There are 2 protein chains.
Amino acid sequence: MVTMKDVGKAAGVSAMTVSNVLRGNDNVAPDTARRVREAADRLHYRLNTTSLSARSLRVNTSRKASGSRTIGLAIFELDRPYPAQLASLISQTAEERGYQTVVQQTRIDEHNERSIIERMSNQFCDGLIFSSSRLSADEIEQLSNHRPTVLLDDDRPQQDIDTILTPSESGSQAAIEYLYSQGARRIGIVGGNPDERTDVPLLETYHDARHRRLLGCRRAFHRLGLTWSEDRIITTAWGDVDARRAIHEQEAKVRDCDALYCMTDTIAFGVLRGLHDIGVRVPEDMRVMSFDGIAMGALTVPALTTVAVDIELIATQAVDLLIRRIDDEPNLGRQRITVGYHIERRESA
Amino acid sequence: MVTMKDVGKAAGVSAMTVSNVLRGNDNVAPDTARRVREAADRLHYRLNTTSLSARSLRVNTSRKASGSRTIGLAIFELDRPYPAQLASLISQTAEERGYQTVVQQTRIDEHNERSIIERMSNQFCDGLIFSSSRLSADEIEQLSNHRPTVLLDDDRPQQDIDTILTPSESGSQAAIEYLYSQGARRIGIVGGNPDERTDVPLLETYHDARHRRLLGCRRAFHRLGLTWSEDRIITTAWGDVDARRAIHEQEAKVRDCDALYCMTDTIAFGVLRGLHDIGVRVPEDMRVMSFDGIAMGALTVPALTTVAVDIELIATQAVDLLIRRIDDEPNLGRQRITVGYHIERRESA
DNA sequence: CTGAAAGCGCTAACAT
DNA sequence: ATGTTAGCGCTTTCAG
């Protein structure tokens, strides 16, 4: 990197004179100024904004510590539509508020998350938005150096960090009830995999998105007088291709249903295709519904009926809350905001 | 502003010890650590990111090999499948190589790109991957402080920066020829919008992706003896919803075609749905083909026949090339790598 | 007119 | 286990 010192050396003057020339101070001899400018051009000198802000700490102590105005966003998978759309919206919202966003992909890996949060917070972010963390509140607090942090969709009760919540439970309950109202009685759940560890049943206290969606389903089943059975669960990883394969491989189970509720829209894309493959018509033979409300759902054939969450609101709430924390607003208690949803009625159910 | 010194004074230790505690270094007595943390909480201490970046200048420049091992990726739109998938793959590849990736969304905005490249290079990246830049090579060179940079899909001839190219031209040519071989004679181009500025025709010298894809189409038309006409171009923004609307609004033009070549898979998703809306069957009445090869294309009904570019290779080439630059490999001339493609034959053509 | 010195907040390297 | 020193790129201050 070329510094003012370098330019000065090349022009036979001190860094100070270079500074004066480049900032347009008029206390420099015209000839010296010209030489400096030439040297700067030749060496492709660029003012280093970082050091400028370092200085400004000293000069402008009155002003509120305006840091780098950067938000860090850690998100699990950029190649799935929902997180990608969320990242995009958060980035746009932050931009409107005068913040830059840097996104990092965690791939739901604990070690990864740790190193990301460590680097992000230690290095260049005024605040963090963290989606689907594997880490405990304590650890996040620690690693982030008490830096402002907003969690997305993480509702473990011990958390003492601001959180924006997706209406997983109420939305899923509404979905099942909607399917019931359409006449469905044998409703399958796609992607509602039981926990690998059998000691973690559907506790009210353990709340990742899948868990909460299942909880909502169970509640609806109970209210509607339907019997809940693991036989109605079509297990699959949460990817579109995985879901299609799951339909093929669990065809018997599928054919015993008259409706399928998919844990995400992405899963539903694979399900729609899988059902097409095995000759099941939607919605005539099988109603299909899902959760998320991503834009692409309007374009499938048939178009997807879905629990559309207010994803823009998630983005704006997360960003605004984080900025309030960064600005160190006093008397702002811990926030837990659940955004709304509506049933987007389209063709598949 | 509360500094580490302040916290130290309150806790009866030096700033250095505060730093050690807050960064989780374990060389501090538990009791001291507790006192420091209490003082930090009481005074509402916040790590100052600005000074960190100032420091990192030193760290980065002093020892090349032990830089921050971070790659910056600037990409235009995270909410479209192709760039999202690319970002995801680059991130994974970099991780395998021991680098972290931070992604920033540019939204194809010149001002945005400028500030991103400036911040990234000044602050925390060992190298930059830049997709679809609006800036000139000179400016990129300047802004990045001559930091290692790889461009994606930017082939303006004056560029003197490493570039990984998508086979836009040859792939598009192959697509048209494939459609022709299937019997299509009246081929429409969706998203091949003519330039707004009429003084920028299909020059061989101006090469963004759209331009190069159009060039490939024209070449194929010429070779096959088909007449090229603007009447065959269905204009649309490059989004799925836009494309669907374009089919509706330009229905007459559409119905005069026996095949449609879409500039991206995303456009094709909208087109498939649009054709369904107006009762045109694919592939019976209309063959549809597109460019990119994103995974979702296998799941539409009908599944999409597409020019599948080797997107994983784009990611690995970009990352590996950048890392070679970061490691300052000598005698490595400017690279311009075009990745391969194949025609992924599925149902739509 | 020009430059040397000091210092912004923080941390790597070294010293105690 | 804790502290001291030095220095990142720049600009304010003040001395030549």
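None of these values were measured; they are calculated from a predicted model. Naming: A, B, ... by sequence-line order, numbering from 1 per chain. Computation of the quantities below employed the complete heavy-atom set of this structure, encompassing side-chain atoms and omitting hydrogens, waters and symmetry-equivalent molecules.
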In plain terms, say whether [X] and [Y] are close enough for a salt bridge, that is, a side-chain N and a carboxylate O under 4.0 Å apart.
X: B:Asp41; Y: B:Arg37; answer: no
X: B:Arg324; Y: B:Asp320; answer: no
X: A:Asp126; Y: A:Arg325; answer: no

| said: Which nucleotide wins on minimum distance to the side chain of A:Leu47, given the candidates D:dA1, D:dC10, C:dG9? | reply: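 Selected nucleotide: D:dC10.
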
| request: Can you sort out the partners of A:Asp310 under salt bridge (charged side-chain N to carboxylate O under 4.0 Å, His left out), two or more places apart, ordered by chain and number? | output: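 If we apply the salt bridge (charged side-chain N to carboxylate O under 4.0 Å, His left out) test to A:Asp310, skipping adjacent residues, there are no hits.
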
| message | Applying salt bridge (charged side-chain N to carboxylate O under 4.0 Å, His left out) as the test, list every pair that has at least one member in residues 5-17 of chain A; sequence neighbours left out. | response |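 Found none.
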
Is the phosphate of [N] approached by [X] (side-chain N or O, under 4.0 Å from OP1 or OP2)?
X: A:Thr32; N: C:dT2; result: yes
X: B:Arg23; N: C:dA12; result: yes
X: A:Arg46; N: D:dC10; result: no
X: B:Tyr45; N: C:dG9; result: no

Distance in angstrom units between [X] [atom1] and [N] [atom2], rounded:
X: A:Asn27; N: D:dT11; atom1: CG; atom2: P; answer: 13 Å
X: B:Leu22; N: C:dA12; atom1: CG; atom2: P; answer: 14 Å
X: A:Lys5; N: C:dG3; atom1: NZ; atom2: C1'; answer: 13 Å

| query | For residues 9-20 of chain B, which residues have at least one heavy atom under 4.0 Å from DNA chain D? | reply |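 Residues of residues 9-20 of chain B under 4.0 Å from DNA chain D: B:Val13, B:Ser14, B:Met16, B:Thr17.
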
| query | Is there a donor in the side chain of A:Ser88 and an acceptor in the side chain of B:Gln105, or the other way round, less than 3.5 Å apart? | reply |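 Per modelled atom types, A:Ser88 and B:Gln105 side chains form a pair under 3.5 Å.
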
